[in-house]
Amino acid sequence: MSGDFELETLALHTGIHRSQFNEHSEALYLTSSYVFDSAAQAAARFSGAEPGNIYSRFTNPTVTAFEERLAALEGAEACVATSSGMSAILSCVMGLLSAGDHVIASRSLFGATVNLFNNILKRFGVETTFVSATDVAAWQAAVKANTKLLFIETPSNPLTEISDITALAAVAKKAGAWLAVDNCFCSPVLQRPLELGADLVIHSATKYLDGQGRVLGGAVLGNRELVMEKGVHGFLRTAGPTLSAFNAWVILKGMETLKIRMEAHSANAMEIARWLEKQPNVARVYYPGLASHPQYELARQQQKTGGGIVSFEMKGGKEAAWQVVDATRLISITANLGDTKSTLTHPATTTHARITQEARDVAGITEGLLRIAVGLEAAQDIKTDLARGLQGL
Ligand SMILES: *Cc1c(COP(=O)(O)O)cnc(C)c1O
């Protein structure tokens with residue numbers, strides 16, 4: 001498939017390599033290894049002289065199809081699939097950084113990402129400075145001689161803060177560092193970070209790419225040099241945080257409907273956000289599609305819609321927030337997001353419970369905060385389900 005097609009067409013047709021059976025739907029190759037015609041061919045495959053599959057820790061046709069499709073959607077030269085979003089971030093760092101390197105990361109990252117940088121990578125000599133997601137000058141000021149990577153998530157989880165990708169790409173370039181963007185919340189349908197100057201895009205395919213809450217997966221995308229043999233893929237080949245063929249197949253099929261789902265999630269989220277703003281017990285609504293969002297203009301330039309995630313703060317703190325959660329009958333109480341079914345989370349006691357209180361305070365994760373990943377139910381039904389807890393106060 002060439003770049004002449006629109007995104008929704010690429011999402012259906014990229015990565016198809018029909019077998020001798022001429023199947024119409026993508027085949028699922030459940031095999032751990034591949035047979036060679038001869039000793040000479042085996043040797044040529046292992047040396048890299050002949051392209052082709054060897055062993056599914058590092059290549060599998062179904063996984064390759066997923067990688068080709070996601071690369072087409074992000075406009076990336078190369079993609080490496082991983083077993084989860086977290087292993088995508090780990091593979092990115094392990095593939096590209098060394099002990100003694102310095103990372104600047106947004107303060108408003110997914111909880112596990114903060115822990116990965118803070119608790120694990122630190123033990124291996126990679127030091128991280130956390131700065132505000134929105135203050136470009138703070139990123140510039142945090143640059144050191146050994147800064148190798150700038151890492152952001154935009155919109156952020158759960159407060160939907162918007163980081164300026166173009167401005168941070170310029171900071172990275174000047175510092176001789178790479179900018180990595182976790183594009184989980186937007187997906188390539190709403191935002192294409194490589195076009196805005198980012199060097200690397202990270203995905204948790206577990207979220208919108210699968211889109212139906214079934215399997216875990218992840219990916220790292222960028223140019224061939226960073227992502228393939230000497231970089232991220234080199235780490236994956238040796239260390240093995242590989243995406244399974246089955247999960248790749250599920251996500252590959254999920255991507256076929258990514259565009260219409262993202263548009264429907266966004267439309268529903270916009271309606272819920274506007275409605276929440278009018279609720280007397282809601283202190284504040286965080287949604288990049290609302291004119292009240294502090295980076296509304298930047299969001300409009302950088303992403304196509306506000307996306308599917310809405311966070312809001314209850315006036316009554318944790319008690320009021322838990323009441324909303326416990327009064328739901330339709331919305332699922334679960335930490336996942338990007339599912340067709342709406343999900344509701346109390347970040348302070350779940351996704352962000354393992355970071356320190358101080359880190360939560362700085363990141364603005366208050367006790368009254370709730371995050372709803374708006375699904376594809378009728379917006380009216382979602383409102384009715386939330387209204388029960390909101391009005392019971
Ligand atoms: C879920 C998530 C991750 C981690 O992905 P997993 O597939 O759960 O490992 C990383 N970043 C963001 C923004 C996420 O929402």
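Computed from heavy atoms alone, side chains included, the values below leave out hydrogens, waters and symmetry copies. Quick note: residue numbers are just sequence positions, from 1. Just so you know, ligand 1 is whichever comes first in the structure, and atom 1 is the first atom listed for that ligand.
Polar contact check, Asp182 against ligand 1: a nitrogen or oxygen pair lies under 3.5 Å apart. In terms of N/O distances under 3.5 Å, ligand 1 is approached by Ser204. Looking at Met86 next to ligand 1, an N or O pair under 3.5 Å apart turns up. Close N/O approach between Lys207 and ligand 1 is found [any backbone or side-chain N/O within under 3.5 Å]. Close N/O approach between Phe110 and ligand 1 is not found [any backbone or side-chain N/O within under 3.5 Å].
For ligand 1, the atoms lying closer than 4.0 Å to a non-hydrogen atom of Ser84 are 7 (O), 9 (O). Distances below 4.0 Å separate heavy atoms of Thr206 from the following atoms of ligand 1: 6 (P), 7 (O).
In this model, a donor atom of one side chain and an acceptor atom of the other lie less than 3.5 Å apart for Glu161 and Ser108.
The option from Pro155, Gly217, Ser83, Gly85 that lies nearest to atom 6 (P) of ligand 1, judged by heavy atoms, is Gly85.
One finds no salt bridge joining Lys259 and Glu6 here, because no Lys/Arg side-chain nitrogen approaches an Asp/Glu carboxylate oxygen to under 4.0 Å. Taking a cutoff of 4.0 Å between a charged side-chain nitrogen and a carboxylate oxygen, Lys253 and Glu26 qualify as a salt bridge. No salt bridge links Glu277 with Arg284; every basic N to acidic carboxylate O contact stays at or beyond 4.0 Å.
You'll find the ring centres of Tyr287 and Phe312 outside the 6.0 Å limit.
Under a cut-off of 6.0 angstrom, the local environment of CZ in Arg329 is sparse, with at most 12 non-hydrogen atoms contributed by other residues, nucleotides or ligands.
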